[in-house]
Every structure is written in structure tokens, then in C-alpha cells.
2 protein chains.
Amino acid sequence: MEELSDRKQKILAAVIEQYIATGEPVGSKTLLPLLPFSVSSATVRNEMAELSEMGYLEQPHTSAGRVPSQMGYRYYVDRLMNNYELSDREKRTIEMKLGTSVRSPEKVLETASSVLADMTNCAAVSTTPSDSEAVIRRVELVPIGARLAMIVMLTSSGILKSTIVRTDYELTLDIVEAFYNIVNKLFIGNPASEMNLAFLQTLAVSLGDKALIMTPLLVALSELASTAGKSEMLLEGQSNLLNHSQISSNVYELMEFLRKGEPLSNLFSAHKDEMNVLIGKENMYRELENSSLIFSRYNIGGRDSGTLGIVGPTNIDYARLIPGLKYLTSVVGKILTDAVEE
Amino acid sequence: MEELSDRKQKILAAVIEQYIATGEPVGSKTLLPLLPFSVSSATVRNEMAELSEMGYLEQPHTSAGRVPSQMGYRYYVDRLMNNYELSDREKRTIEMKLGTSVRSPEKVLETASSVLADMTNCAAVSTTPSDSEAVIRRVELVPIGARLAMIVMLTSSGILKSTIVRTDYELTLDIVEAFYNIVNKLFIGNPASEMNLAFLQTLAVSLGDKALIMTPLLVALSELASTAGKSEMLLEGQSNLLNHSQISSNVYELMEFLRKGEPLSNLFSAHKDEMNVLIGKENMYRELENSSLIFSRYNIGGRDSGTLGIVGPTNIDYARLIPGLKYLTSVVGKILTDAVEE
DNA sequence: TGTTAGCACTCTTACCTTTTGAGTGCTAAC
DNA sequence: GTTAGCACTCAAAAGGTAAGAGTGCTAACA
């Protein structure tokens with residue numbers, strides 16, 4: 001990336017900030033009062049013409065003002081922008097809103113997404129904690145009725161999952177004991193992700209005549225184990241997307257894309273930096289080509305566990321929202337870490 | 001409601017069905033091939049003029065075709081429409097899609113909403129099962145770590161809830177036993193809705209010196225009990241609302257309204273029929289005045305438990321969607337009833 | 001050499017007018 | 001009671017003009 005003169009940088013930054021604020025193409029005269037130096041509009045025009053030629057600015061049509069190009073935004077985000085500093089007040093507001101709902105990691109993420117959507121006026125996405133290397137730490141079988149039980153599983157990364165099992169036979173003490181034996185021998189201490197159907201089948205063989213009676217319980221447990229590694233996608237504030245004229249042309253497409261979840265999830269796994277900013281076509285999906293994505297990974301107990309992010313127009317307020325997301329992410333990490341520790 | 005001549009009824013029905021199909025005002029000539037009798041366009045015009053005068057049809061402007069009024073839709077839904085009969089194929093599709101996810105009532109409702117949204121091309125709303133008279137049937141305390149436990153609660157209506165509790169002290173056998181004593185004496189058999197904070201406070205007094213140590217566990221249990229009675233609102237397919245030109249003027253308002261959930265929930269509780277159709281301003285909310293609501297209550301074990309519904313434009317395909325929703329509702333009821341039985 | 005005033009030029013947007021055509025309501029004949 | 005015929009209405013489309021924001025270029029200036 002070439003070096004821009006100091007004045008060009010200032011002009012580029014001013015165009016971008018103005019365009020972010022108003023959404024209208026920015027003309028040379030509009031810019032004058034926003035610049036930290038005094039020159040005439042003609043000078044600004046000359047500079048802008050060069051910036052256009054270099055590819056940092058674009059013109060919707062000849063007689064219109066300038067609009068930042070994707071390359072312009074990138075330069076701004078990487079080198080020009082000075083991050084907004086959150087006030088203590090804002091920090092406390094975030095903490096308060098998140099602090100109330102620590103019943104489960106899912107709830108925390110849900111609240112976080114909701115807060116994020118409100119804070120940014122964008123759609124907020126997040127993934128629930130996942131850890132593909134998580135090991136099964138503990139399993140409990142809780143009888144609830146004669147033929148009804150709950151299986152509870154805790155993994156090394158603190159994920160707690162439970163499910164209901166229904167059996168055709170009564171859950172006698174014998175069966176419960178046998179279940180615990182099998183579990184202690186073959187499940188505890190093993191990675192949750194390995195408890196798949198293939199594993200179950202080899203297991204069934206080794207059980208012999210007990211296999212039949214154990215099957216429902218073990219199937220439920222292995223399903224539980226396999227969901228423990230997988231993360232769920234949460235989406236909030238979709239309606240905020242309607243407020244941005246930039247993307248209003250294909251909001252429907254965009255919303256459908258977000259709803260599907262999977263492609264986004266792929267995108268997230270391809271970018272594991274602490275903070276990721278994808279502007280316009282920098283991502284591979286056509287549906288997102290007019291949008292910017294900002295997302296950040298949160299840690300639980302120092303372990304990378306999931307993603308929190310926002311989707312908005314390319315003229316999103318990077319300088320304000322990136323620090324906001326960063327702080328929110330750190331708070332979520334802290335809350336979830338505290339929740340896991342014993 | 002006055003009686004309309006047979007011919008007027010047929011014309012009204014044809015106008016409505018055509019308008020539902022195309023979304024365009026319907027003129028007298030367009031109508032001719034759709035009528036089961038042969039008359040001239042002039043005759044149809046005369047009849048339509050009378051229907052307009054009576055209030056069943058409206059004209060966007062003098063030289064336009066006719067559009068059904070709210071009163072017109074009402075007459076159609078109540079007396080003219082002949083319900084579409086679902087094919088076995090469609091029925092099986094619905095059953096299949098719902099059958100796969102019987103892990104928890106919430107999941108079932110989530111899938112049902114999703115299926116409903118796809119099926120109707122509308123936004124789908126549902127409430128998770130609730131039963132304000134539910135009685136606490138069973139409570140289990142499952143130790144998971146030294147200071148970490150899970151409380152599981154089952155109500156008479158089959159609702160199963162669980163939560164995690166963290167304590168500052170070790171969960172000794174004594175404490176667990178004491179907990180079960182208190183629970184058996186004061187919780188089991190009592191309505192979940194009564195286990196509120198006030199109840200907890202009187203309880204705390206009667207416990208004396210044990211109160212302090214029991215508090216976190218009992219607070220968690222009472223929170224659990226109070227959530228068991230409350231139903232949650234699920235929303236799917238919001239983006240479908242963007243496809244209907246009728247409501248596109250204020251989609252944002254509408255989406256925000258649906259997201260809030262509470263007003264909708266009030267609306268649901270005010271209409272407890274098995275099948276409810278609210279057309280345009282028949283409901284009290286300004287945000288819904290251009291929309292129709294169709295919702296239906298599902299039963300679990302014969303007990304009215306929750307709502308499934310759709311929100312769409314007033315020119316929604318009543319004849320097809322009402323039977324569809326009805327069938328879906330019955331399937332959901334059946335699945336949840338089966339899940340509760342032991 | 002960089003900066004600036006001045007100006008012709010461009011192109012969108014808003015506004016006005018005209019035309020078109022779908023659809024009506026009415027009248028008179030059947 | 002039904003229908004052909006016709007004048008009438010009005011939204012939407014099409015065309016045409018004017019306004020204005022903003023540009024690029026030129027020539028003068030410091």
C-alpha cells in the first residue's frame with residue numbers, strides 16, 4: 001500500500017467520516033470546514049481527483065461528490081482512524097446489561113447480541129461457546145419418572161448440557177449402575193467430539209446382551225456430546241438493517257443469508273484474529289458485498305471459544321463500533337470465564 | 001351482518017381471491033372469466049358498485065378496480081371461503097419436519113415456527129408451553145462440582161426446567177439432605193407460580209439459622225418455578241414480511257413490534273379460541289393495522305398450553321393458510337402430548 | 001511550484017405538462 | 001334485469017425544462 005501525503009490522508013479521513021455520518025456523497029466545499037488546515041475548495045478538488053485516480057475514492061457520477069471506495073475504507077481502518085474511547089459510563093452500562101443474565105452461556109450470548117444490536121444499530125451475530133477439544137468431565141443420570149430421565153454432561157471447557165431420555169422399560173437401579181460403569185470406563189476423559197455414531201456402534205458390540213437396554217441412554221449421551229462441541233448461531237437486530245439506505249436494495253437477500261447461519265459460521269472460522277474487519281467484497285459472499293462485517297473472538301479461561309460480531313453497511317462507524325465491540329467481547333469473556341470456574 | 005344475494009357473494013369471493021393472488025385492484029373485466037356464470041362486465045360493475053356502497057369493497061381511486069375492505073375480508077372468512085384441504089403429501093411433510101426435533105418443547109416450537117414461516121411466507125410467532133396452574137411435581141439437585149450443582153424441576157404439566165447454581169461453600173451431604181427436606185415439605189405439590197420472592201421471604205424466616213446457607217439454592221429454585229409458568233415468545237421468518245408490498249411501507253415498525261413480543265402476547269391471551277383470525281384494525285395495535293393475524297392454540301394432554309400463529313398482509317391467503325396452521329397446530333399438540341406422557 | 005479564482009460543463013433531481021389507458025358510472029336500448 | 005356504448009376520471013408513464021450541486025480545467029498569482 002502506497003504512502004499518502006499527510007494532506008491526502010487528512011482529506012481521505014474527512015471524506016470517510018463525513019460520508020459515514022451523512023450517507024451522502026461528499027463535495028469539496030462541504031469538506032472545507034472539516035479539515036484541520038485552510039485551503040480553497042479547488043485545492044481539495046485537486047487532491048480528491050488524485051485520490052480518485054489512486055482508487056481511494058469513487059464518484060457515483062461526474063457531477064456528484066466523492067464516496068469512499070472499499071480500498072479507501074481499508075486504508076482508513078488500518079491507518080487513519082483513531083479509535084473512540086468508551087466512557088466509564090458506557091462501560092458500566094454494558095456490564096450492567098450483561099451482568100443480569102448469567103444463568104447459562106446461551107443466555108449471556110443472547111443478551112450480548114441484543115445489547116450489541118442496540119448499541120450499533122446493526123444486526124448482531126454471535127456463536128455460543130464451543131471447544132472441539134473439550135473432554136467429557138462428568139456425566140449424571142437423573143431419574144425423573146419411572147421411564148424418564150435427564151442426562152447431564154459437563155465438559156472440561158465448562159460447557160454444561162442436558163437432555164431428556166425416555167425409555168420403554170423402567171429405570172432400575174441396576175440399569176443406572178450399569179450406565180455409570182460404562183460411562184466412567186468409556187466416556188469420561190475422552191473428547192466429546194469423538195463420541196459419534198461410529199464409536200457407539202463399536203461400543204454396542206462390546207456390550208453384548210446389555211446393548212439393547214443401554215442403547216437409548218447411550219445414544220442420548222452421544223448426541224449430547226456431539227452438540228457440546230458444536231456452536232449455535234444467534235442473530236439479533238435484523239430489523240436494524242432496514243435503517244441503512246446503503247443496503248436497503250437487497251435487505252431481503254441479506255437477511256436470508258444471515259438466517260441460514262452456516263455460511264457466516266464458515267466465514268467466522270476463516271478469520272480467527274482477535275478483531276476482524278471485512279469491508280465489502282473482502283469476504284467471499286455475494287450477499288455481503290455491500291456490507292461490512294466486524295467480528296471478534298471471545299475467550300473463556302484463556303481459550304478461544306466463540307465469536308461476537310456485527311453486520312452493517314460499508315459506511316459503518318468503524319471508529320466507534322470497533323472499540324465498542326472489543327469491550328463487549330472482553331466483558332462476555334470475563335463473565336463466561338467466571339461462570340466456568342469453580 | 002346483512003345477507004348478500006348469491007351473485008354478490010360469488011362476485012365478492014372472486015374479487016377477494018383475485019386480489020389475494022395478484023395484489024392488484026380488480027376490475028370488472030378481469031373478473032368475468034373467474035365467475036361461475038356469464039354476465040357482462042356492466043352487470044358486474046353494477047354489482048360491484050353496490051358492494052362498494054355496502055362497504056365490502058373499496059376503490060383506491062375513481063378509475064381503479066376494487067379492493068376488498070376489512071369488512072369484505074371478514075365476510076369472506078366467515079361465510080364464503082371454502083377451506084383448502086391439505087394433501088396427504090403435505091401432511092406427511094409437516095409431520096416429518098416436526099418429528100425430528102423432540103428433544104425439548106422449545107425445540108419443537110422453534111421448528112414449528114420455522115416450518116410455518118416457510119409454509120406461509122409470513123412471519124411466524126409462537127409461545128412455548130405454559131400452564132399457570134402447573135404444580136411442582138418433582139425437584140432434583142444434581143451436584144456437578146464441589147460448589148456447583150444443577151437443579152432440575154418437573155411440573156404437573158410436564159414442563160422440565162433446569163438451572164445451574166453456584167455456592168460459596170461446599171455442597172455437603174447434609175446440605176443436600178436439608179434442601180430435599182425443605183423442598184418436599186414446601187415446594188412439591190404447590191403451584192409453581194406461587195413460589196415467588198414473597199414466598200421465599202416468609203420461608204427464610206421460618207428456616208432460622210439455616211436460611212443463609214440455603215438461600216442460593218432456594219432462590220434458584222424459585223426462579224426456576226416462576227419461569228416454568230411463563231411462556232417465551234418465538235419469532236421466525238421476519239424477512240418474509242419484506243415480500244409483501246401491502247405492508248412494505250412500515251415493515252420496520254412491524255418488525256420492531258413483533259420483536260418486543262409482549263404486546264403480541266397480550267393479544268394472544270385476549271383471544272383463546274381454537275382458531276383466531278384478526279383482520280386489519282380488528283386488533284388494537286396501530287402497528288398491525290395493515291396486517292392480518294391468524295393464530296391458533298395448541299393443547300398438551302388436552303390442556304390449552306400455547307399459541308402458534310402467523311402475521312402477514314391483510315390479503316393473505318386465508319383459505320389455504322388457516323387449514324395449514326390448524327393442521328400444524330394439531331401436530332405440535334400431539335408431539336408435545338406424547339413427550340409429556342410417561 | 002503549489003494554490004486559487006473563475007467558469008464552462010455535466011449530470012441528477014425536482015417539477016411541470018402531456019399522453020396513455022385502465023376502469024368507472026351513466027344512459028338508453030333490448 | 002341486462003347490456004352496449006360512451007363520456008369521464010385519474011394514476012402512472014413519458015417527455016421536457018429548469019435548478020443546483022459539484023466537477024475539471026485554465027490562467028493568474030504568491
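A, B, ... follow the sequence lines: proteins, then strands. Residue 1 opens every chain.
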Can you spot which of A:R66, A:K10, A:K8 makes a salt bridge (charged side-chain N to carboxylate O under 4.0 Å, His left out) with A:E47?
A:K8
When both hydrogen-bonding distances must be under 3.5 Å and the geometry is Watson-Crick or G-U wobble, what is C:dA29 paired with, if anything?
D:dT2
Roughly how many Å is it from CZ in B:F37 to P in D:dG1, rounded to a whole number?
16 Å
Taking 4.0 angstrom as the limit, do B:K91 and B:E85 come out as a salt bridge?
no
Is it true that B:E3 and B:R79 have a side-chain N and a carboxylate O under 4.0 angstrom from each other?
yes
Taking a pair to mean Watson-Crick or G-U wobble geometry with both distances below 3.5 Å, C:dT24 pairs with D:dA7
Starting from P on D:dT3, measure out to CG on B:L35 and report it in whole angstrom.
12 Å
To the nearest angstrom, how far is B:N46 atom CG from C:dA28 atom P?
15 Å
Expressed in angstrom and rounded to an integer, what is the separation of B:K8 atom NZ from D:dT2 atom P?
10 Å
Pair A:E256 + A:R259: basic N to acidic O under 4.0 Å:
yes
Under a 3.5 Å cut-off for both contacts, is D:dG15 paired Watson-Crick or G-U wobble with anything, and if yes, with which nucleotide?
C:dC16
Give me the one residue out of B:N121, B:N315, B:I316 that meets side chain to side chain contact (heavy atoms under 4.5 Å, CB included) with B:H244.
B:N121
Expected string for nucleotides 5-22 of chain D under the B/S/- scheme (protein heavy atoms, under 4.0 Å, primed atoms plus P, OP1, OP2 as sugar-phosphate) is B---BBS---------BS
Only residue of A:E236, A:M119, A:K97 satisfying side chain to side chain contact (heavy atoms under 4.5 Å, CB included) with A:S114 is A:E236
